[in-house]
Amino acid sequence: MDIVRDETGLRQLLSTARARGRRIALVPTMGALHEGHLRLVDAVLDPDTEVVASVFVNPAQFGPSEDLARYPRCIESDADKLEARGCNILFAPSENDVYLSGDATRVRVGSLSEVLCGPLRPGHFEGVATVVTKLFGLTQPDVAIFGRKDYQQLAIIKRLVRDLFLRVEVRSLATVREPGGLAMSSRNAYLNPEERARAGGIARALSLLSMRIVEGAHTASRLRTEFRDILQRSVDHIEYAELADPDSLALVADSAVPAPRTLLATACRVGKTRLIDNVVTTEDRIEC
Ligand code: PAF
């Protein structure tokens, strides 16, 4: 596996790969890689594809009181894991290589950023959309792949690719879970063993509520109350516990009976750690 730190090095490797007729697949990450990230690599591995994983902790997507400074950084073990999985190129740029001096362009995706995590993390999705657009510009991939744990992020990336006419196929992969259901996340490293055990309650709540929606006949108002009641047994704080349309992310009206295909999404705190998780009722099954 080649490790490159800047645009020049990356472009040289990519043009050689393209000259050999290889497609380019991009796996964007912020590092601290776990099995969820590595399955994204597995999913795009192909004899005719040059797989590029990027590791960049993007300051623009962290708010002033968020965990940018303590976000886990372990580039050497990340490189070992990627190499063992068959990744071809690790792109690990510095902040100055991504945000050039005088950088002034931002990408903002409208309504999809205004619900769920959007109001709670002002500027977050603008930071994500901007850096992903930059990574697409740097890599010009044929394919890019993202995990569905960050469901809202994925919806926003798909929309920006459509709206900006970018020639990249966006693929996604189901959330990878620990035994017991906890969604894999680099932030799980912040949990102590007691918190980790309680955090499994988020997946159980999603699984139970998913079954309630499939039963039908219950209003969104009633289901929201049940969702929060179940979550409250395990987590310390609920930022939101919502039912939404899986495509537009519009919240289901309180008086409506949700469609069989509904997005259940939550952000909770366990101890000081913020965790997000979701399911689309007709598409995801959680083994708890
Ligand atoms: O999901 C992530 O790890 C990040 O938000 C991403 C897509 C790599 C952009 O920084």
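Just so you know, ligand 1 is whichever comes first in the structure, and atom 1 is the first atom listed for that ligand.
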### Query
Which ligand 1 atoms are under 4.0 Å away from a heavy-atom of V131?
9 (C), 10 (O)

### Task
For the pair E195 and R269, evaluate side chain to side chain contact (heavy atoms under 4.5 Å, CB included) and give the outcome as yes or no after the intermediate values.
CA-CA 10 Å; E195 290 169 341; R269 284 191 192 265; over 6 Å; no

### Message
Within a 6.0 Å radius of atom CD on E194, are there more than 12 heavy atoms belonging to other residues, nucleotides or ligands?
### Response
yes

### Nearest-neighbour protein heavy atom for atom 10 (O) of ligand 1, which is reported as residue plus atom name and distance
Q61 OE1, 2.6 Å

### Task
Tell me which protein heavy atom sits closest to atom 1 (O) of ligand 1, plus the residue, atom name and distance to 0.1 Å.
Q153 NE2, 2.8 Å

### Query
Within a strict 4.5 Å, meaning less than it, do heavy atoms of the H124 and Q152 side chains meet?
no

### Query
More than 12 non-hydrogen atoms from neighbouring residues, nucleotides or ligands closer than 6.0 Å to CZ on R18, yes or no?
yes

### Query
Quick one: NZ on K158 to CD1 on I156, what's the gap to the nearest 0.5 Å?
12.0 Å

### Message
I want to know if ligand 1 touches T29 in the polar sense, i.e. an N/O pair below 3.5 angstrom.
### Response
no

### Message
With a heavy-atom distance limit of 4.0 Å, tell me whether I157 approaches ligand 1 through its side chain, its backbone, both, or neither.
### Response
neither

### Summary
In ligand 1, the atoms that come under 4.0 Å of a heavy atom of P28 are 8 (C)

